[in-house]
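The block underneath contains the structure these notes are about, expressed in structure tokens.
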Amino acid sequence: MPRVVTRFAPSPTGHLHLGGARTAVFNWLLARHFGGTFCLRIEDTDLLRSKQEYTDSILASMRWLGLDWDGEPIYQTQRTDLYNAYVERLLQSGHAYYCDCTPEQVEAMREKARKLGEKPRYDGHCRERGLGPGPGRCVRLKLPASGRVAFDDMVKGPIAVDIAELDDMVIRRADGMPTYNMAVVVDDHEMGLTHIIRGDDHVSNTPKQILLYEALGLAVPKFGHVPMILGKDKQKLSKRHGAKAVIEYEKDGLLPQALVNYLARLGWSHGDQELFSMEELIRYFDGTNLNPSAACFDDVKLAWCNAHFMREMPLEKLCDLVHPFVQQAGLGDLANERLRPLCVMFRERASDLVGLAESFRPLVVSAEALSYTEKDTKKHFTKAGAVHLHALAAILANTDFTAEALEAALNAYVADNGLRFKEVAPPLRTALMGFMGGSHLNEIMAFLGQKETLARLERACALCEACPE
RNA sequence: GUCCCCAUCGUCUAGUCGGCCCAGGACAACGGCCUUUCACGCCGUCAACAGCGGUUCAAAUCCGCUUGGGGACGCCA
């Protein structure tokens, strides 16, 4: 197999969204799998809507996802001369011609075709007029009189379209700027693209581009059109239907690895495997096993995937990642020595970094600031609960605050008094956490330390007194 | 309207060129085990080949039609 070159070519008219991200993932994976090159091209020819801040945002999201590109990104606005050279070539070889039809005239042609039950298109009015350059004149590609354009799509298989369905498309606007299809073909060729994986919405552009390659006498790359991603309700993913930018997932505390894994799995499969390391993804993704039908995005499964990676990743790394989220939650600047035990206790109870940071709250705030749920205080801060809390306070005042010693102390209290853990744990847990949740009691107390633990017991005891029963 | 594409559990999907599939895995849901809580983990249950015709000894797998989705028809990208 010759060297593989792929690309991701976003328009900087918005942040990187899920669909684009998946396309990028596929192209990146294909290049990495074959030890090829993955290029980035910024399609910023739409001067009105393109913005530098979006380019920056897209690049930032790519980096966050871990999708590194080779070489410098290419900007289409800087290559007008290149495109024009190709347009000239087409003009010279008789594959293109000038056209002075006004938009109104062209619209009338389209309308006429529509009325005839045909596909609306330009009728080739200026084809043989031999017009030269001039103001208000665009350049159109002269299509072959008949025939079919066929290609073998990597995901959809053979696709063929009758040339009669197409029209002499504009390749250079009257203002001298190349049109999308022209620029894409020139760039894809100049950049040496061998494989182009892109969204479904481009299948109808593909025959036009192939015709351009042929008119130019260039080798046609391999195309792969992945279906678009649908929302939960089977609707097209749009702003209204939960379309989110990658940057938002980052803010929501998702792990890039989880998003890449989930995205890769959407429309691609490797047998029954669901979870992959980056290495595995690269090893298995070879451009086959791509699913031709559209897939719905399911953030519940994404959350599961994320939770998995939160549990599996190295503890130190998790601490680093959760740190900013802890600060953002208003829990202060916790040192790693504090973060570490918290992560150990709560990592398997959260499905994202925001949730993880939030789960630290009860153990990080002071005894006075701890809030209790009404449900659990009502249920566990009873007379009987108070008895245990008082007894425990006395015992814990003389206990080593290590997880082992605390566990032994708790067990001893239960055994010595002929109790069951079930009777003692709920009031203690509620006193410590404010609700019936959290990790093992001994770990919680070891983290809190003696002073804080006793303060919480004291406050809980006071609340018990206030209870009617 | 015209052309192109798609169609397996609620969702993501497996299903090597038809037989081992009265359809497998995962998420979700539900039930159970574990357990001081919540989780994790483990076990189990529910649940799908859009419909109709062919071809064949045999079809989720091949062909046709229907229906239902989606996309494209710009001097936007």
Side-chain angles (χ1 to χ4, degrees), chain A residues 9-13 43-46 48-50 76 99 101-103 106-107 110 113-122 136-140 153 155-157 159-162 164-167 169-181 183-184 199-207 225 227-228 230 232 234-236 262 265-275 289 291-298 300-305 307 311 345-351 359 376 380 410 414 420-430 433 435-442:
Chain A
S11 297
T13 54
E43 307 206 328
D44 54 354
T45 54
D46 184 341
L48 288 176
R49 296 191 300 149
S50 296
Q76 288 192 318
C99 164
C101 293
T102 62
V106 177
E107 186 41 50
R110 280 197 248 277
R114 228 185 304 262
K115 282 218 173 92
L116 286 166
E118 287 169 6
K119 182 170 265 184
R121 56 199 172 141
Y122 176 72
R137 291 180 185 178
C138 64
V139 177
R140 288 181 181 275
D153 195 275
V155 354
K156 293 178 191 284
I159 295 179
V161 175
D162 207 314
E165 291 295 328
L166 277 17
D167 67 358
M169 61 178 164
V170 172
I171 55 177
R172 183 169 68 197
R173 293 188 265 267
D175 65 5
M177 289 296 284
T179 55
Y180 168 74
N181 284 123
V184 164
D200 220 352
D201 47 336
H202 285 292
V203 296
S204 55
N205 276 326
T206 307
H225 291 96
M228 45 181 33
L230 270 28
K232 187 107 189 158
K234 285 245 175 216
Q235 292 304 298
K236 183 180 171 181
Y262 180 76
R265 228 3 226 84
L266 208 56
W268 172 79
S269 61
H270 179 70
D272 287 335
Q273 191 167 345
E274 298 283 350
L275 272 3
N289 297 311
N291 196 144
S293 59
C296 295
F297 189 83
D298 179 7
V300 175
K301 188 160 183 178
L302 206 213
W304 165 77
C305 188
R311 267 177 258 125
M345 286 189 278
F346 295 99
R347 71 192 309 188
E348 67 187 30
R349 281 161 242 267
S351 60
S359 68
D376 291 316
H380 306 301
L410 241 34
V414 170
R420 287 184 310 163
F421 221 127
K422 269 188 173 150
E423 304 168 65
V424 183
L428 212 211
R429 182 174 294 284
T430 306
M433 293 290 295
F435 73 108
M436 287 295 283
S439 182
H440 295 289
L441 290 168
N442 60 325

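Naming convention: chains lettered A, B, ... in sequence-line order (proteins, then strands); numbering from 1 in each chain.
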Partners passing side chain to side chain contact (heavy atoms under 4.5 Å, CB included) against A/Asp46 (at least two apart in sequence or in another chain): A/Leu48, A/Arg49, A/Ser50
My understanding is that a pair needs two contacts under 3.5 Å, Watson-Crick or G-U wobble. By that rule, which nucleotide pairs with B/C21? none
I'd like the C1' distance from B/A59 over to B/C22, given in whole Å. 14 Å
Both distances below 3.5 Å, Watson-Crick or wobble geometry, any strand: find the nucleotide opposite B/U55. none
Going by the rule salt bridge (charged side-chain N to carboxylate O under 4.0 Å, His left out), which residues pair with A/Asp201 if we only count those two or more places apart in sequence or in a different chain? none
Using a 4.5 Å cut-off on heavy atoms from C-beta on, say whether the side chain of A/Leu275 contacts that of A/Cys305. yes
Base, sugar-phosphate, or nothing for A/Ala160, non-hydrogen atoms under 4.0 angstrom? sugar-phosphate
Applying salt bridge (charged side-chain N to carboxylate O under 4.0 Å, His left out), can you list everything that pairs with A/Asp44, at least two apart in sequence or on another chain? none
Indicate, with a heavy-atom threshold strictly under 4.0 Å, whether A/His440 touches base, sugar-phosphate, or nothing. base
Name the nucleic acid region contacted by A/Ala174, choosing base, sugar-phosphate or nothing; use a 4.0 angstrom heavy-atom cut-off, strictly under. base
Would you indicate what A/Asn291 reaches in the nucleic acid, counting non-hydrogen atoms under 4.0 angstrom: base, sugar-phosphate, or nothing? sugar-phosphate
With heavy atoms under 4.0 Å as the rule, sort A/Met433 into base, sugar-phosphate or nothing. nothing
Could you check whether A/Glu43 gets within reach of a base, just the sugar-phosphate, or nothing at all, counting any heavy atom under 4.0 Å? sugar-phosphate
Spacing of the P atoms in B/A28 and B/G69 (rounded, Å): 30 Å
Looking at every strand, decide which applies to A/Arg110 at a 4.0 Å heavy-atom threshold: base, sugar-phosphate, or nothing. sugar-phosphate
So where does chain A start and stop touching RNA chain B, 5' to 3', when the test is distance under 4.0 Å to a non-hydrogen atom? B/G1 to B/A77
Answer with base, sugar-phosphate or nothing: what part of the nucleic acid does A/Pro120 contact at a heavy-atom distance below 4.0 Å? base
Rounding to the closest angstrom, what is the interatomic distance between B/A26 and B/C43 at atom P? 9 Å
Complementary nucleotide for B/G41 - Watson-Crick or wobble, under 3.5 Å: B/C33
Searching all strands shown, indicate the nucleotide that pairs with B/U61 (Watson-Crick or G-U wobble; both distances under 3.5 Å). none
Looking at residues at least two apart in the chain, or sitting in another chain, which of them share a salt bridge (charged side-chain N to carboxylate O under 4.0 Å, His left out) with A/Arg349? none
Please report the distance separating the P of B/A48 from the corresponding atom of B/C63, rounded so that it comes out in whole Å. 26 Å
Counterpart base for B/C3, defined by Watson-Crick or G-U wobble contacts under 3.5 Å: B/G71
Across every strand shown, the nucleotide meeting Watson-Crick or G-U wobble geometry with B/A47 (both distances under 3.5 Å) is none
Between A/Val203 and A/Gly438, name the one whose nearest nucleotide on RNA chain B is closer to the 5' end. A/Val203
Contact class for A/Cys138 vs. all strands (heavy atom < 4.0 Å): base, sugar-phosphate, or nothing? base
My understanding is that only residues two or more places apart in sequence, or in another chain, count here; which of them pass salt bridge (charged side-chain N to carboxylate O under 4.0 Å, His left out) with A/Asp200? A/Lys156
RNA chain B nearest-nucleotide lookup for A/Ser269 and A/Pro178: closer to the 5′ end is A/Ser269
B/C9 - base-pair partner by Watson-Crick or wobble geometry, distances under 3.5 Å: none
Specify whether A/Tyr180 and A/His202 have parallel, tilted or perpendicular ring planes, treating 30° as the upper limit for parallel and 60° as the lower limit for perpendicular. parallel
How about A/Asn205 and A/Val184: do any of their side-chain heavy atoms sit closer than 4.5 Å? no
